[in-house]
Amino acid sequence: MSAQVPGEIILTHDQIQGRVAEMAGEVSVDYAGRDPLIIGILKGAVFFTADLVREMSIPCEFDFMAVSSYGSATHSSGVVRITKDLDTAIEGRHVLVVEDVIDSGRTLRYLMRNLASREPASLEVCALLAKPAADRLDLRTRYVGFRLPDVFVVGYGLDVDERHRELPYIAKLGDATGA
Ligand code: IMP
Ligand code: MG
C-alpha cells in the first residue's frame with residue numbers, strides 16, 4: 001500500500017474556526033433555555049465538539065459516543081457498532097449530535113435511529129462537513145458547516161487509517177507515490 005499524505009488544504013484553520021463560531025452562535029440562539037445535551041461522535045468530531053461548545057454562549061452538557069463502521073478506510077458499509085455508549089440517559093433531553101462528516105449518511109442514519117429509540121425531547125444533527133451523497137438519504141441535518149464535493153479529506157479530527165487527525169486544517173488526501 002502506498003503512503004497517503006495530506007495534499008491541498010481546502011479549509012484553513014481560520015476558516016474552520018470562523019465557521020464553527022457562526023454555528024455555535026446559531027445553536028446558542030436555537031437552544032437558549034433548553035439545556036442541550038451535545039453528543040460528539042468519536043473520534044472524528046472531537047475537535048469540532050470541543051471548539052463548538054467553547055464558542056457557545058449558553059450552558060450545555062456534553063457526552064461522547066464512539067461507533068465503528070465496517071468497511072474500507074475510505075468507505076463506510078453502513079454496518080455500525082457502538083464501541084462506546086453514552087454515560088447519560090437522553091430521555092426527555094434536547095439532544096444535538098455533532099458529527100465530523102456525512103458521506104453516504106449510513107453511519108448517521110443508524111445512530112439517529114438508535115438515539116431516537118431512547119426518546120429524547122428533540123434530536124438534531126450538527127455536521128462540520130457534508131458530501132453530496134448525504135442529501136440522498138433524507139437525513140435531517142439541521143446545521144452543516146461546509147458542503148464538500150466528493151473528495152476524501154483528512155485533518156481537524158478526520159483520519160485515513162487513524163492518521164492525520166491532529167492537523168489543524170482540512171486537506172484533500174494525496175498519494176506519496178503519485179501513482
Ligand atoms: P458515512 O456513513 O458514509 O456517512 O460515513 C461517515 C463516516 O465515514 C465519518 O464519520 C468518517 O469517519 C468517515 N468518512 C467519510 N468521509 C470521510 C473523509 O473524507 N475523511 C475522513 N473520514 C471520512
Ligand atoms: Mg474514519
Side-chain angles (χ1 to χ4, degrees), residues 1-13 15-17 19-20 23 27 37-53 62-86 95-117 123-177:
M1 203 179 94
S2 58
Q4 291 190 298
V5 297
E8 182 195 345
I9 294 176
I10 58 169
L11 294 168
T12 65
H13 181 68
Q15 284 176 306
I16 297 168
Q17 296 304 319
R19 184 68 185 118
V20 171
M23 296 172 87
V27 170
L37 176 64
I38 310 295
I39 299 181
I41 308 303
L42 296 174
K43 301 172 202 168
V46 68
F47 301 128
F48 180 36
T49 308
D51 288 341
L52 187 79
V53 296
F62 60 86
D63 199 350
F64 291 96
M65 250 175 125
V67 296
S68 95
S69 159
Y70 295 95
S72 67
T74 56
H75 288 282
S76 76
S77 64
V79 182
V80 179
R81 189 166 54 97
I82 294 174
T83 56
K84 183 220 170 294
D85 208 335
L86 299 171
V95 171
L96 182 61
V97 174
V98 178
E99 251 288 36
D100 52 359
V101 52
I102 308 176
D103 184 4
S104 71
R106 292 192 193 111
T107 305
L108 197 59
R109 184 174 56 180
Y110 170 88
L111 257 176
M112 295 300 275
R113 282 185 184 156
N114 181 292
L115 292 173
S117 73
L123 180 61
E124 300 286 354
V125 177
C126 177
L128 181 67
L129 308 173
K131 298 195 194 172
D135 298 327
R136 292 202 288 270
L137 269 189
D138 192 29
L139 288 161
R140 290 175 313 130
T141 305
R142 180 139 174 200
Y143 310 94
V144 174
F146 301 94
R147 297 199 177 268
L148 288 189
D150 224 347
V151 292
F152 198 84
V153 293
V154 294
Y156 195 64
L158 294 146
D159 74 307
V160 59
D161 280 339
E162 298 301 324
R163 304 305 305 230
H164 310 310
R165 291 191 196 276
E166 74 282 8
L167 299 173
Y169 50 78
I170 291 175
K172 280 189 199 170
L173 192 64
D175 190 323
T177 66

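Order of listing sets the numbers, starting from 1, for every ligand and every atom in it.
I39 places none of its side-chain heavy atoms less than 4.5 Å from the side chain of L111. Residues I10 and L148 have side chains in contact (heavy-atom distance under 4.5 Å, counting atoms from C-beta outward). Side-chain contact between M112 and L123 is present, with at least one heavy-atom pair separated by less than 4.5 Å.
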Indicate every side-chain donor-acceptor pair of residues 44-52 with a distance under 3.5 Å to a residue at least two apart or in another chain.
unit_1 : atom_1 : unit_2 : atom_2 : d
T49    : OG1    : A45    : O      : 2.6
D51    : OD1    : R54    : NH2    : 2.7
D51    : OD2    : Q17    : NE2    : 3.2
D51    : OD2    : Y156   : OH     : 2.6

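Put simply, the side chain of T83 gets close to the backbone of A66: a donor and an acceptor are under 3.5 Å apart. Side-chain atoms of K131 come within 3.5 Å of backbone atoms of V151 as a donor-acceptor pair (strictly under, hydrogens ignored).
The closest approach between any non-hydrogen atom of L129 and ligand 1 is not below 4.0 Å. Heavy atoms of R109 come nearer than 4.0 angstrom to ligand 1 in no pair at all. Between G105 and ligand 1 there is a heavy-atom distance shorter than 4.0 Å. Residue contact annotation: D159 has a non-hydrogen atom under 4.0 Å from ligand 1.
The distance from ligand 1 to the heavy atoms of V151 drops below 4.0 Å at these ligand atoms: 19 (O). Near T107, with a cut-off below 4.0 Å to any heavy atom, the atoms of ligand 1 are 1 (P), 2 (O), 5 (O), 6 (C). Atom numbering of ligand 1 starts at 1 in the shown order; those under 4.0 Å from a heavy atom of S104 are 1 (P), 2 (O), 3 (O), 4 (O). Within ligand 1, counting atoms from 1 as listed, the ones closer than 4.0 Å to a heavy atom of V101 are 6 (C), 9 (C), 10 (O), 11 (C), 14 (N), 15 (C), 16 (N), 17 (C), 23 (C). Interface of V153 with ligand 1, defined as ligand atoms under 4.0 Å from a residue heavy atom, comprises 18 (C), 19 (O), 20 (N), 21 (C). Residue contact check: K131 has heavy atoms under 4.0 Å from atoms 16 (N), 17 (C), 18 (C), 19 (O) of ligand 1.
When non-hydrogen atoms are compared, ligand 1 lies under 4.0 Å from neither the backbone nor the side chain of V154.
The environment of R163 atom CZ is sparse: at most 12 non-hydrogen atoms of other residues, nucleotides or ligands sit within 6.0 angstrom.
Under the side chain to side chain donor-acceptor pair (under 3.5 Å) criterion, R142 pairs with D30, sequence neighbours left out.
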